[in-house]
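Values below: all heavy atoms of this structure, side chains included; hydrogens, waters and symmetry mates excluded. So you know, we letter chains A, B, ... as the sequences are listed, proteins then strands, and number each from 1. These numbers were taken from a predicted model, which means no experiment stands behind them.
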Number of protein chains: 2
Amino acid sequence: MNKSKQPTIIDVASEAGVSIATVSNVINRRKVPMAPETIRKVEEAVVRLGYRRNVMATNLSRRRSYELGLIIPHFGGYYGRFAENLEQKVHHFGYHLSIFSAAGMDPEIEQRHLEHLLQRRVDGLVSHGLAMSMHSTQQLVGEGTPLVIFNGWGWPNEIVKMAVNLDFAKASSEAVQHFLENGCRSVIYAGRSKGMGANEQRIQGFMTGLSDRIESTVHALLDAGELGIEGTLDEALRLSGDLRPIGIYTFNDALALELLALCHERGISVPGEIQLIGMDNEFFSKSSYPSITSFEMPVDLQTSLVAAFLMRQIGEELDEENTQLLEEYLPRVTGHELFIDLEMIVRKSSGK
Amino acid sequence: MNKSKQPTIIDVASEAGVSIATVSNVINRRKVPMAPETIRKVEEAVVRLGYRRNVMATNLSRRRSYELGLIIPHFGGYYGRFAENLEQKVHHFGYHLSIFSAAGMDPEIEQRHLEHLLQRRVDGLVSHGLAMSMHSTQQLVGEGTPLVIFNGWGWPNEIVKMAVNLDFAKASSEAVQHFLENGCRSVIYAGRSKGMGANEQRIQGFMTGLSDRIESTVHALLDAGELGIEGTLDEALRLSGDLRPIGIYTFNDALALELLALCHERGISVPGEIQLIGMDNEFFSKSSYPSITSFEMPVDLQTSLVAAFLMRQIGEELDEENTQLLEEYLPRVTGHELFIDLEMIVRKSSGK
DNA sequence: CTGTTAGCGCCTTCAA
DNA sequence: TTGAAGGCGCTAACAG
């Protein structure tokens with residue numbers, strides 16, 4: 001055996017009394033016809049030596065890394081679930097997923113991670129709508145590496161081949177309509193400008209939801225990131241005068257929960273005076289008091305689509321299931337953006 | 001996939017009119033003396049060609065992967081924060097972190113991930129207290145790869161060089177004492193047997209906290225995983241008779257929140273009739289109604305220690321800061337287990 | 001069916 | 001200071 005501790009394919013070959021090519025063959029290329037006796041000998045040698053193939057050498061030789069990169073803003077809530085889920089999906093295709101958090105939405109960190117991933121020669125990239133400029137992205141990724149975006153809007157096709165988005169606009173519209181049906185006389189959107197595209201989509205849907213009642217209904221777009229949680233509530237109350245109930249649609253459940261806590265503190269009745277709708281359907285939304293109306297995120301579907309599109313771009317064979325999935329959703333692609341519906345989960349905070 | 005278009009070190013060499021060894025030298029900024037002129041030529045060629053070093057080739061040649069593996073039960077809450085945090089830490093040492101979720105605590109999945117990580121020739125491993133048998137772990141990891149555990153108890157030194165643990169026992173003891181000081185006449189631990197070692201540590205601390213009042217105080221250890229959330233509350237109420245208030249210490253904040261929701265539903269006053277203490281200090285614990293008393297997890301400190309110990313084992317030079325950190329905590333190591341204190345954050349659910 | 005051999009892209013002595 | 005050459009462990013033609 002070699003001087004280094006870990007046995008190599010050479011050790012296995014000599015142990016089994018065959019050539020290294022044969023060992024390589026039985027290890028991965030089962031298509032080549034081989035004598036069962038040879039296979040047995042090799043497999044036994046592998047076990048006896050505790051041989052473990054070296055992925056670095058394999059991939060260098062194959063000229064593919066079989067690695068995919070994922071960039072998300074952080075590991076919490078939805079993004080964490082997304083990452084965990086995607087890892088499973090791509091594993092089925094034989095790929096490894098390298099996950100990076102961009103520390104919120106820091107363009108520089110994004111860039112650093114991207115560069116690193118490219119040095120690793122990842123075969124494909126998945127990212128949330130980047131905060132870094134499209135120009136930098138273009139330069140970094142170039143034409144080389146397939147890139148699929150999720151929850152990113154307005155990216156040119158030259159950079160991003162496909163964007164798999166949750167339809168926040170539609171959901172937001174539904175939220176507003178839900179408020180109006182519930183008799184809300186004032187509706188507020190408490191957003192986060194740092195949410196970038198996702199925030200803009202919500203604003204757009206919010207306004208659409210108001211539609212013909214846009215004149216007759218008090219409404220406003222607030223930035224909770226800027227106003228702070230107290231400021232947001234104050235402003236909502238001020239703008240609404242004595243109109244009740246007020247419907248506040250928040251950027252996410254976390255924000256809704258914080259507003260709820262503040263309402264408790266001030267003795268404001270939810271849903272009596274204020275109704276709340278969040279987004280993400282986090283664990284705590286069901287168990288908070290009162291429970292918070294929210295939108296369920298179809299993470300599983302989204303990661304399936306992301307994986308399927310990416311695999312197709314890379315040139316991987318898709319199985320029956322994934323082919324069908326793509327065929328089903330392809331018609332729903334506009335340009336290169338796909339929209340997935342969200343389901344509203346109505347709970348106590350919106351008066352049910 | 002025109003991967004062939006990616007420039008190599010050879011392209012850079014000929015572009016700069018030097019040998020590949022020289023290029024390698026300037027890229028790695030070795031101690032080898034070099035003419036400033038040569039450095040400039042090479043650096044210019046690198047930029048001009050858009051050269052990006054191939055990590056696979058580099059690491060194969062170096063016979064180190066500069067990659068570390070992390071196995072966690074899932075990406076949510078504490079574990080997600082841990083992963084994100086550790087990634088940052090090891091990055092400073094020039095290491096890449098590959099993160100895997102073991103889908104709860106599935107031994108088979110753990111094993112699969114471990115095997116994969118070993119095939120990638122990771123230079124070190126970090127894992128939560130594994131659910132898989134010590135025997136399997138021993139066989140897989142052998143003597144080869146440094147392994148640091150976090151929140152794992154009772155692992156033999158031959159397998160695990162260091163365990164960096166949160167002191168759940170001590171915290172649990174404090175929780176019980178807090179209940180007793182608050183006048184609780186019955187104290188219950190609502191645990192999760194699936195929590196393995198972490199659960200056992202809590203039980204141990206729970207009993208310790210009772211100490212001399214163990215005879216005079218109604219107490220019980222419940223398994224919320226088995227009884228379900230309703231069953232747990234029912235049982236707590238039944239065991240306590242009309243003793244009030246009841247102190248329920250839960251395995252984590254999520255469980256506390258669910259119990260809280262149930263109390264609301266049934267009109268049971270918290271903290272009047274039931275007091276609650278959780279663990280993890282999740283985001284929602286502060287904003288729930290009432291807010292939940294919990295323990296803050298010192299993730300940052302824990303990952304720092306994990307990283308420092310692992311780096312030392314790998315033979316990496318530690319900087320001043322990390323050396324100091326180790327020196328500070330080394331005295332607190334028992335055997336090869338280190339304990340980190342948790343801080344109780346007292347909130348409304350425990351009567352404050 | 002099995003073996004030979006030329007790479008994959010980079011690092012690292014050792015000479016020059 | 002720089003360059004030539006021999007690996008690192010494995011894959012994939014191409015012979016035999």
Verify whether one side chain among Thr58(B) and Arg53(B) offers a donor that lies under 3.5 Å from an acceptor in the other.
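Looking only at side-chain atoms, Arg53(B) and Thr58(B) do form a donor-acceptor pair, the distance falling under 3.5 Å.
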Atom-pair distance ([atom1] on [X]; [atom2] on [N]), nearest Å:
X	N	atom1	atom2	result
Ile27(A)	dG9(D)	CD1	P	14 Å
Arg120(B)	dG9(D)	CZ	P	17 Å
Ile9(B)	dT12(C)	CD1	C1'	11 Å
Asn28(B)	dG9(C)	CG	P	17 Å
Ile10(B)	dG3(D)	CD1	C1'	14 Å
Tyr66(A)	dT11(D)	OH	P	11 Å
Arg63(B)	dG6(D)	CZ	P	16 Å

Does [X] pair with [Y] as a salt bridge, N-O distance under 4.0 Å?
X	Y	value
Asp300(B)	Lys89(B)	yes
Glu44(A)	Arg48(A)	yes
Glu115(B)	Arg52(A)	yes
Arg40(B)	Glu37(B)	yes

Are OP1 or OP2 of dC10(C) and a side-chain N or O of Tyr51(B) less than 4.0 angstrom apart?
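Looking at the OP1 and OP2 atoms of dC10(C), one of them is under 4.0 Å from a side-chain N or O of Tyr51(B).
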Tell me whether the OP1 or OP2 atom of dC11(C) has a side-chain N or O from Ser24(B) closer than 4.0 Å.
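Looking at the OP1 and OP2 atoms of dC11(C), one of them is under 4.0 Å from a side-chain N or O of Ser24(B).
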Using heavy atoms and a sub-4.0 Å distance, could you list which residues of residues 53-61 of chain B are near DNA chain D? By number, please.
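Of all residues in residues 53-61 of chain B, the ones placing a heavy atom under 4.0 Å from DNA chain D are Leu60(B), Ser61(B).
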Would you please classify the geometry between the Phe150(B) ring and the Phe82(B) ring as parallel, tilted or perpendicular, with 30° and 60° separating the classes?
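If you compare the ring of Phe82(B) with that of Phe150(B), the planes turn out parallel.
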Classify the angle between the aromatic ring planes of Phe100(B) and His113(B) as parallel (below 30°), tilted (30 to 60°) or perpendicular (above 60°).
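Rings of Phe100(B) and His113(B): parallel, under 30°.
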Atom pairs under 3.5 Å, N or O on each side, protein against nucleotides 2-6 of chain C: can you list them with distances?
unit_1	atom_1	unit_2	atom_2	d
dT2(C)	OP1	Thr38(A)	OG1	2.3
dT2(C)	OP2	Ala35(A)	N	3.2
dT2(C)	OP2	Thr38(A)	OG1	3.2
dG3(C)	OP2	Ser19(A)	N	2.8
dG3(C)	OP2	Ser19(A)	OG	3.3
dG3(C)	OP2	Thr22(A)	OG1	2.9

The single option from Glu87(A), Glu67(A), Arg64(A) passing side chain to side chain donor-acceptor pair (under 3.5 Å) against Tyr95(A)
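Only match with Tyr95(A) under side chain to side chain donor-acceptor pair (under 3.5 Å): Arg64(A).
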Counting N and O atoms only, with roles assigned by atom type, does the side chain of Asn151(B) sit under 3.5 Å from a partner on the main chain of Asn165(B), one being a donor and the other an acceptor?
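Checked: no pair found.
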